Engineer: 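Shown below is the structure under consideration.
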Number of protein chains: 2
Amino acid sequence: MLKLSKKAEYAFMATIYLASHSGNEYPTAKEIADNYKIPFQLVAKILQNLAKNNIVISFQGVKGGYKLNKNPDEISLIDIIKAVETNYKLTECMLEGGDTSNCTLVDCCKIRDPLVEIQRKIDIMFQETSLKQIL
Amino acid sequence: MLKLSKKAEYAFMATIYLASHSGNEYPTAKEIADNYKIPFQLVAKILQNLAKNNIVISFQGVKGGYKLNKNPDEISLIDIIKAVETNYKLTECMLEGGDTSNCTLVDCCKIRDPLVEIQRKIDIMFQETSLKQIL
DNA sequence: TTAAATAAGACTTAAATGGTCGGACATAAC
DNA sequence: GTTATGTCCGACCATTTAAGTCTTATTTAA
């Protein structure tokens, strides 16, 4: 409960690794997996997600690998999370099949789900923290 | 991911209900369940957990029910969460089987799991928010 | 042409969550 | 002292989500 997923964790690790290894050669998924001793396939997939969302750039082929697409201080943690997490929806109204007609949204949610406000705060926290801050 | 569990949500609802219905009679688990249209059995169990952790006081028997044990401004959200959530351990070192011998804890965790710091912040947020604030 | 890399989707397994059931105990009211 | 109405508590089941694996295709430097 309220725990960050491995996906997010690995995504942070990978981007942190890329941020601190910006040499001539591009770090590969395998290199990252080995370094942190985490499953290769999983990291690979996560990097693909990050690539799709323009957080990293991927290079295919023999000398391939990954590099960050922006500077670490320009990458918000929420970008990384959203790239990796399929159903990331903290702030959404949680009513399902509820009577939303007489629901002035925020107020309604506040009554039925007192946590929305808190989740919004967490959301903001991720938004306001950059990758650089956790290097 | 990072979503609050139903247990926590129901616990908040229940305590909020108790906070706003402190009349002569004690609200029952059934009353709360009906009011919010949430599963009775589940709310009952959650209230039991809250009772065990001295957040609410339970009264058995015919005229039984529950009431808050403290004022809403004296109850921290983290108390409620901890009472209800079995494995709530955000700040704990996440290493398992890792080499903890040369691990000066905080630093080691920071390297291997950059999220510890963030999770700590979330922790603090819950600690500093009282039940009264979400009424 | 080959070796080393990413891309991608299907699949399997494991764990957590949400919810249910049944029986025991407590007590106010009759 | 019996009954109705409540809490207490542990075991259980079902579903969903998360985590990890497998396989095949594609790209590209040497």
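Everything numeric in this text was worked out from a predicted model, so none of it was measured.
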Engineer: Kindly point out which of dA29(D), dA8(C), dA18(D) is positioned nearest to the side chain of Glu85(A)?
Structural biologist: dA18(D)
Engineer: What nucleic acid atoms does Ala29(A) come within less than 4.0 Å of, heavy atoms only: base, sugar-phosphate, or nothing?
Structural biologist: sugar-phosphate
Engineer: How long is the line joining CD1 of Ile32(A) and P of dA4(C), in whole Å?
Structural biologist: 19 Å
Engineer: Return the value, rounded to whole Å, for the distance between atom CG of Leu50(B) and atom P of dC9(D).
Structural biologist: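 Distance check: Leu50(B) CG to dC9(D) P gives 13 Å.
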Engineer: Do any side-chain nitrogens or oxygens of Tyr10(A) fall under 4.0 Å of OP1 or OP2 in dG20(D)?
Structural biologist: yes
Engineer: Determine whether the side chains of Gln48(B) and Ser58(B) contain a donor N or O and an acceptor N or O closer than 3.5 Å.
Structural biologist: no
Engineer: Starting at atom NZ of Lys30(A), determine the distance to atom C1' of dT21(D), rounded to an integer number of angstrom.
Structural biologist: 16 Å
Engineer: Out of dT7(D), dG22(C), dT5(D), which nucleotide sits closest to the side chain of Gln60(B)?
Structural biologist: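 Between dT7(D), dG22(C), dT5(D), the one nearest the side chain of Gln60(B) would be dT7(D).
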Engineer: Report the C-alpha separation of Ile46(B) and Lys7(B) in whole Å, then their side-chain angles, then the decisive distance to 0.1 Å, and conclude whether the side-chain contact (heavy atoms from CB on, under 4.5 Å) test is met.
Structural biologist: CA-CA 7 Å; Ile46(B) 284 162; Lys7(B) 270 193 205 171; 4.3 Å; yes
Engineer: So, does the side chain of Lys45(A) form a donor-acceptor pair with the base of dT21(D) at under 3.5 Å?
Structural biologist: yes
Engineer: Side-chain donor-acceptor pair under 3.5 Å between Ser5(A) and Glu85(A), yes or no?
Structural biologist: yes
Engineer: Could you work out which one of dT20(C), dA29(D), dC9(D) sits closest to the side chain of Pro39(B)?
Structural biologist: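 Selected nucleotide (nearest to the side chain): dT20(C).
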Engineer: Rounded to the nearest 0.5 Å, what's the gap from OG1 on Thr15(B) to CD1 on Ile80(B)? Could you check?
Structural biologist: 3.5 Å
Engineer: Where each residue is assigned the nucleotide of DNA chain C containing its nearest heavy atom, which of Gln41(A) and Gly61(A) is assigned the position nearer the 5′ end?
Structural biologist: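 Going by which nucleotide is closer to the 5' end, it is Gly61(A).
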Engineer: Specify the separation, in whole Å, of atom CD of Glu31(A) and atom P of dT6(C).
Structural biologist: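 Interatomic distance, CD of Glu31(A) to P of dT6(C): 10 Å.
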Engineer: For the side chain of Thr28(B), starting at C-beta, report the closest nucleotide among dA3(C), dG6(D), dT21(D).
Structural biologist: dG6(D)
Engineer: With a 4.0 Å cut-off on heavy atoms, is Ala51(A) in touch with a base, just the backbone sugar-phosphate, or nothing at all?
Structural biologist: nothing
Engineer: Give the rounded distance in Å between these two atoms: NZ of Lys67(A) and P of dA5(C).
Structural biologist: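 It works out to 19 Å between those atoms.
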Engineer: Taking the side chain of Tyr66(A) as its heavy atoms from C-beta onward, which of dT6(C), dG20(D), dG19(C) lies nearest to it?
Structural biologist: dT6(C)
Engineer: Take the protein atom NZ of Lys6(B) and the nucleotide atom C1' of dT16(D), then report the distance between them rounded to whole Å.
Structural biologist: 13 Å
Engineer: In whole angstroms, how far is the C1' atom of dG20(D) from the CZ atom of Phe40(A)?
Structural biologist: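 So the two atoms are 13 Å apart, to the nearest Å.
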Engineer: Just the rounded figure in Å: distance from P of dT20(C) to CD1 of Ile46(B).
Structural biologist: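 Spelled out: CD1 on Ile46(B) to P on dT20(C) is 12 Å.
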Engineer: Where the side chain of Asn69(B) meets the backbone of Asn54(B), is there a donor-acceptor pair that is under 3.5 Å apart?
Structural biologist: yes
Engineer: Are OP1 or OP2 of dC8(D) and a side-chain N or O of Ser58(B) less than 4.0 angstrom apart?
Structural biologist: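 Ser58(B) to dC8(D) OP1/OP2: side-chain N or O found under 4.0 Å.
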